[in-house]
2 protein chains.
Amino acid sequence: MSRTIAPDGELPTGGSSSRSAGGTATASGDARQERPTRPSDARERILGAATRLFYAHGMRAVGVDLIIAESQVAKATFYRHFPSKDDLVIAYLDRVDAAWTGQLHAAAKAAGPEPADQLVGLFDALATACRTEGYRGCGFINAAAESQPGTAAHERTVAHKSAIRSWVRDLAVEAGATDADKLATALTLLLDGALSAGALDPDPRAVDVARATARHLVDEACG
Amino acid sequence: MSRTIAPDGELPTGGSSSRSAGGTATASGDARQERPTRPSDARERILGAATRLFYAHGMRAVGVDLIIAESQVAKATFYRHFPSKDDLVIAYLDRVDAAWTGQLHAAAKAAGPEPADQLVGLFDALATACRTEGYRGCGFINAAAESQPGTAAHERTVAHKSAIRSWVRDLAVEAGATDADKLATALTLLLDGALSAGALDPDPRAVDVARATARHLVDEACG
DNA sequence: GCGCTGGTAGACAGACCGGTCTGTTAGCAT
DNA sequence: ATGCTAACAGACCGGTCTGTCTACCAGCGC
């Protein structure tokens, strides 16, 4: 079961937590670690480390001590910003929600002005996500696997999936689909399946098939 | 995060671990618990409890102490049968594999002699699974969410998904599909998506849509 | 100067984790 | 009777978990 996780350098996402946001990066080059005494970004560092670690290893597998070490923050600071680990978990899920929803919207927009094309364009976001190093499936589905139906984490997952489906349905209505509900459901099923397959199937053609199938379903429903 | 799990009675799967297999159930009715002194089924009790608990709560959330308590077994007995928790986890996954593969095969068989109908029949197994109380999605996808790419648990998941897809492809070949690979991939994507949606989407129509879409894809590919 | 805010370091508590160990008992074959 | 096997009960170990607490420090507005 291997309950512990090495404190650093084993993550597939690569680069050192992206901590150069504010500019003027403590230019005096003598110190070893140059921990940013720049105030008020402690919360951001915590959430950034938690996002990376929770996604890569699972929420339960990552302890607060590791997050604290990775974000270079004092324990009291951690608990000032997030009164409990659960609060951090839901902040993490909110961030995943915003990120994935944003990528989906961007991919739809990039696919052109036609709603029918935008419905297919969603699968470009999928392809991009699956290709990124350290891809480990849908963060929400993974979170649901680690939480119980009554909990806040689980309900965020349900709400997220529902919001995506509702947005896809609106797009399907715009595209003039004969049965927008059915088309939206089929597309989101395909999307969720590919989201899992992208992490489990070594063959990357699965996402191509997902996209092609989506194209086919959309063309057929929108005449 | 609520790390602990109540020792009994909170599981959605219902009934008291099905421990009346061997007949002659210690008919002397004086004792309270009637733990089966019937020899050699200790391993089965452990694996049964683990299967129920791992699926319901996640592998990481369930400690060996709880499994030991639920299966009414001594700790030494537990570790005699399963040298480590990891061994139990893979035994659990093997059991889930056998169960789900069996249900899929049975549903295909029940759908009739035509391979094309059998491909659609898979989705009957899905519908049945999603309707059962305590359904929590695909045990393998959930397991993958709790394990790392290199580990045995993760590789069992990959192997399981690969085996299912390969079997579906054989069925698609038998059915005379124009592109059996593509059809099999599309169907398994749909299946995996619906497996997740069945646990997350309160609306049960998603599985109907999955089945209808499968019917459509099969009809089209097999002319 | 003074207090407030937001940060640092780290000891500590109490529960739980996987796993080992000692010792006991029942059934059964020799 | 003896010895083997498989089960039992449960104390114990080192380590990890979340969360609390004390103590100190830097900047800033008053």
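Values in this document were obtained by computation on a predicted structure and should not be read as measured data. Each chain gets a letter, A, B and so on, in the order its sequence line appears, and its residues count up from 1. Excluded from the calculations below are hydrogen atoms, water molecules and symmetry mates; all remaining heavy atoms, backbone and side chain alike, are included.
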- Nearest 0.5 Å please: distance from the CZ atom of A:F54 over to the CG atom of A:L88. 4.5 Å
- d(CZ, A:F82; P, C:dG7) in whole Å: 11 Å
- Message: Output the rounded distance in Å from CD (A:E44) to P (C:dG6).
- Response: 17 Å
- Item | Short N-O contact, B:D181 and A:R205, less than 4.0 angstrom | no
- Length of the line joining A:R43:CZ and C:dT5:C1', which is rounded to integer Å: 17 Å
- Item | B:T128 side chain to B:D124 backbone, donor-acceptor under 3.5 Å | yes
- Is any side-chain N or O of A:T77 closer than 4.0 Å to OP1 or OP2 of C:dG6? no
- Message: Tell me whether the side-chain N/O atoms of B:H81 come closer than 4.0 Å to OP1 or OP2 in D:dA6.
- Response: no
- Nucleotide nearest A:R45 (side chain, heavy atoms from C-beta), chosen from D:dA7, C:dT8, D:dA9: C:dT8
- With A:T101, which residues qualify under side-chain hydrogen bond (donor to acceptor under 3.5 Å, both in side chains), at least two apart? A:D97
- Item | Reading 5' to 3' through nucleotides 11-19 of chain D, protein heavy-atom contacts under 4.0 Å coded B for base, S for sugar-phosphate only, - for none | B----SBBB
- Message: Is it true that, when you exclude A:K182 itself, more than 12 heavy atoms of the residues, nucleotides or ligands shown sit nearer than 6.0 Å to its NZ?
- Response: no
- In terms of heavy-atom contacts, B:C130 and B:G198 come closest through SG-CA, 3.7 Å
- Whole Å only: how far is the CZ atom of A:R80 from the C1' atom of C:dT5? 8 Å
